Number of protein chains: 2
Amino acid sequence: MYRAPVEEIAFTLNYVAGLARALEDNRLGDLSSDLVDAILEEAGRFAGNEMAPLGEVGDKQGARLTDGEVKTPDGWPELYRHWREGGWNGLTAPEEFGGQNLPHMLNVAALEMWNSASMAFALAPTLTMGAIEALVAHGSDSLKATYLEKMVSGEWTGTMNLTEPHAGSDLGVLKARAERAGEGTYRIFGQKIYITWGEHDAADNIIHLVLARLPDAPAGTRGISLFLVPKFLVNDDGSLGARNDVFCHSIEHKLGIHGSPTCTMIYGDGKFGNDKGAIGWLIGEENKGLACMFTMMNNARLAVGMQGVAIAEAATQKAVSFARERTQGKAPGWNAVDGQAMSPIIEHPDIARTLITMKALTQGSRAICYACAHAIDMSHHTQGDEARHWTERAALLTPIAKSFATDAGVDVASLGIQVHGGMGFIEETGAARYLRDARIAPIYEGTNGIQAIDLVLRKLPLSSGAQVQGFMAELKIIAGDVAASNKPAFGETAERLGRAITDLEDATRWLLEAQASGRTAEALAGATPYQRLFGLVLTGAYLAKGALADTGDGHADRRVSLCRFAAENMLAETAALKDRVICGAASLEAARAVLG
Amino acid sequence: MYRAPVEEIAFTLNYVAGLARALEDNRLGDLSSDLVDAILEEAGRFAGNEMAPLGEVGDKQGARLTDGEVKTPDGWPELYRHWREGGWNGLTAPEEFGGQNLPHMLNVAALEMWNSASMAFALAPTLTMGAIEALVAHGSDSLKATYLEKMVSGEWTGTMNLTEPHAGSDLGVLKARAERAGEGTYRIFGQKIYITWGEHDAADNIIHLVLARLPDAPAGTRGISLFLVPKFLVNDDGSLGARNDVFCHSIEHKLGIHGSPTCTMIYGDGKFGNDKGAIGWLIGEENKGLACMFTMMNNARLAVGMQGVAIAEAATQKAVSFARERTQGKAPGWNAVDGQAMSPIIEHPDIARTLITMKALTQGSRAICYACAHAIDMSHHTQGDEARHWTERAALLTPIAKSFATDAGVDVASLGIQVHGGMGFIEETGAARYLRDARIAPIYEGTNGIQAIDLVLRKLPLSSGAQVQGFMAELKIIAGDVAASNKPAFGETAERLGRAITDLEDATRWLLEAQASGRTAEALAGATPYQRLFGLVLTGAYLAKGALADTGDGHADRRVSLCRFAAENMLAETAALKDRVICGAASLEAARAVLG
């Protein structure tokens, strides 16, 4: 069973991502390190003891739809109530609406734990938090007053309604329509698919944020508006009124996250006998809906990255624990212990390599995601050039955090199955569930391929390339610090990390030049390998940063050895990735013929 | 829906794996190239038209157990009957028992098609073929006379009973026991798990081959005997007699291959009221059971490798077809066709890269597996040194074929889901099933980690290293032929392939030296990266071999471009793998501390 790695999480927040320094410098208001520890401790307890057992139930039972009503797995409505009563839903929300206004770093760390315990469950608050954010940033005072308090408390949940059958990655072609209906209201019509927690039995009301098109809207992405459409209309006194004209038509039968209802939502079908058209309110300005969505995109993508970290952590824990218990064969040098002829499989070099690789990918992904959260926090607590710097840093890190961590989630979960041998393929073991759940994360909230396009076309050119160049200069300082430490236990870390950073610099320069000279297709051909290259380099650099921070907690030697393993076993891949970025495009273009 | 790539399969058999040359040289009896084509054509038709539709049904419905009886999915018993009536079960079996005595290459090619259509279904004959092989090689004349004809025709199926809960990879500790019961019979007692098609409704009788231990057997692997235990005893006239004391206690709830019943079998429980103890007959000699199993291990491992090839092929077909139809966004340089503003996603460079990578992995895996089958065939049709050469070649190729192809199956299936975007995660789409099915193949029939141990410890030292060195010399000739061809379309193929082969040579030399000097743990630490390195080099070399063979079929340019893509985009990884083999062990050993 999952146990939250609270100590590792706190260490990574503090000494890798930068929380300790920010607290020292009083950059995050009156937050104290004691409060941070207390929050992490309690989140870990809740995730491990209360959420994780119901995560297994949820996978087995799944969400079920009967007559438009969705029943979540047994125990989930109560679990959700306990969870929101703990105040977890409003960790980062504004105090005026009942939130705690804490840094995103803490919420991201908590999200990791919720997702390790049950990714399907954690999706409900993840979506609600996104909806709150959009509403805080773009909602009218009246909408805020009516909805935010209940959403921040978690009494009402939120959803995001973007996708339609023909409009997924490309939202410009969506067809849902909105008509002006007077008194500031609109009527919404259309079908939306893949709506996470679109209907369920764990909250009194569900607040849908829906992208739709007004009759006189321009074509494409500039003609999309964002509307708030509650499941139940809200009376002036805050009580719930009539059912709105929106319902769940069906739920998907998915590979994983079975407990999370993935709904097809129908707007404006007149199902409940009222006038046709779901009643909605505009968020932000007409035709500016996509911009409203984008303000919350960074946080949402980071939240999905956390799913990758979370699954990697849980899958690694499970595999390590199995490999310690399971005995099979004799590892080289194994001396029978207590008459036990077979060795625990963790003693076999190949299993050890697999498990340590899983650890390194997990810890690297965690560090990248937390560093991204730190950048978001700093951007909110700084001004002027400094704020711009941190905003850019968050923007640069977001696609890497989302893609590298979610790829790691899939890879680590798959390795976890492998460590379990035949048992890994049996559902009751629980290892397979991690792979099934993890597999959606590289897809939704912008596929990892789209993250790579975003990274190359929009993030590298930030400040004319100065942001990424400055970041790489910081990474080189870390490599230099490793060299200066003169610790033999680092092995070849300094040289190998240095070489990997040089590969990243070369690839970055090439991509910036390719774009500057209009060779967009060539740049895009190398976008995915580049994104992975960046993630690997950050893994090496952040593991080194952690290994250099000897906090006297007794784990410094372990951190150094994990860092060295990553440097000497994983970073050599950067040369191949750089090569693919710089030399791959021509052969890719030539090979299109094989696709017929 | 899957369509068998008959042309590609025939080309690979003939011009990459060596069938055309062997036929020319009359090395395979009176087999004609026309017969080969006819067999492949008909297998392709059956797999695509009759088997594939029922593969989907099987995944959805799964095998079901009621009161010890297993019901396979709707339509499967009829499908199985049609299939065996086509003569497919006895393709390679001896003619004296009704088989067709055809080369393994043909059976392996057919297995690819059955597995692409339904891996769960194809497991039934795969296990039967293994049992036939063990019986042919080691069974007494009496056992052969009683069982082989019905098994070759497929009227009766076969199983392999090896695993017990505590004895998986390490069979030395198995506990099932056998007692001598007079008249050459034995009584078998014990529990076996993960028995593929251990019980089902598609055949009249099921012939279990069971590993068990005699009372006076030595401990460990030298005290294991192999027994034949039929579900129904067979009367002297060949009719079925009493039910034997063996039954299916439960079937597993698995990640994939749902249509294949994975059974826990109980022997000797007295369930059917007869004297306790399942009646069995010895195969081979007492205490030599493991050796009997090993004679069929090469073929069984290759058959699992074919599952990887098969899933990779089917997943690639599905993804390519989806990517041609699905429109989303505008690829760089896309000009609207017929007013269609969005481009098919296949036009996006990242999707094209993904699909071409899938193609290269599929084709590389196919070539490796077919080359392995060719070596097996040649070993049967040659004598003396030549036979030894081909036996060693088959032995060397087997772990690479099994591991590289099954890893490719998982990777390609996962990429296939990614290409489908959100739809990939929905079970009805069918892309997720490929990943679920594929995930067992790197595990069973010896995990890929165990294949790597086998490759490094037992296969590299064959003929004191001369076998592997000779093989690498052959690969260098291919690289030289590419250079000599002077075709600009090959791009940098010759240099890059040459460099990859050098990496393989370096890693091989290092591993042979490490073993020679007793540094087994160090050698094993690099076994898995080495195995992948070998597979990648073979992928590059075999794609080049195919690209050099211009047969006038109009596809030579495509083959050259796929080869170049693999060389320029995938082979750069070999440097990192070599590095991991040679430099990885020390940091691995140091990092064991992180596993606690």
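Predicted model, so just to flag it, every value in this text is computed and none were measured.
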message = What I want to find out is whether R326(A) reaches D170(B) closely enough, with some N-O distance under 4.0 Å, to be called a salt bridge.
response = no
Structural part of [X] lying under 4.5 Å from a heavy atom of chain A:
X       : answer
I351(B) : neither
A586(B) : both
P332(B) : side chain
P165(B) : backbone
V560(B) : neither
M342(B) : side chain
H348(B) : backbone
R496(B) : side chain
D557(B) : neither
Y444(B) : neither
A527(B) : neither
E8(B)   : neither
K254(B) : both

Looking only at heavy atoms, what is the nearest atom pair of [X] and [Y], with distance?
X       : Y       : answer
F425(B) : I257(A) : CE2-CG1, 3.6 Å
Q328(A) : H166(B) : NE2-O, 3.1 Å
C583(B) : E568(A) : O-OE1, 3.9 Å

Looking at [options], which makes the most heavy-atom pairs under 4.5 Å with chain A?
options                            : result
G422(B), G491(B), A452(B)          : G422(B)
A591(B), A593(B), A572(B), G421(B) : A591(B)
I426(B), T327(B), T262(B), L524(B) : I426(B)
V410(B), T520(B), V173(B)          : V173(B)

Checking [X] against chain B: side chain, backbone, both or neither under 4.5 Å from a heavy atom?
X       : value
S414(A) : both
A575(A) : neither
R324(A) : side chain

inquiry  = Shorter than 4.5 Å, heavy atoms on both sides: which option in T447(A), I417(A), V320(A) has the most such pairs with chain B?
reply    = I417(A)
request  = For chain B, find which of G172(A), G333(A), P529(A) contributes the most heavy-atom pairs closer than 4.5 angstrom.
outcome  = P529(A)
Contact check, side chains of [X] and [Y], non-hydrogen atoms, under 4.5 Å:
X       : Y       : answer
V594(B) : I356(A) : yes
R592(A) : E347(B) : yes
R439(A) : Q418(B) : yes
M423(B) : Y194(A) : yes

key: Under the side-chain contact (heavy atoms from CB on, under 4.5 Å) test, residues paired with A500(B) that sit two or more places apart   = V537(B), L571(B), T574(B)
ask   = In terms of side-chain heavy atoms, does T528(A) have a donor or acceptor partner in R353(B) at a distance below 3.5 Å?
value = no
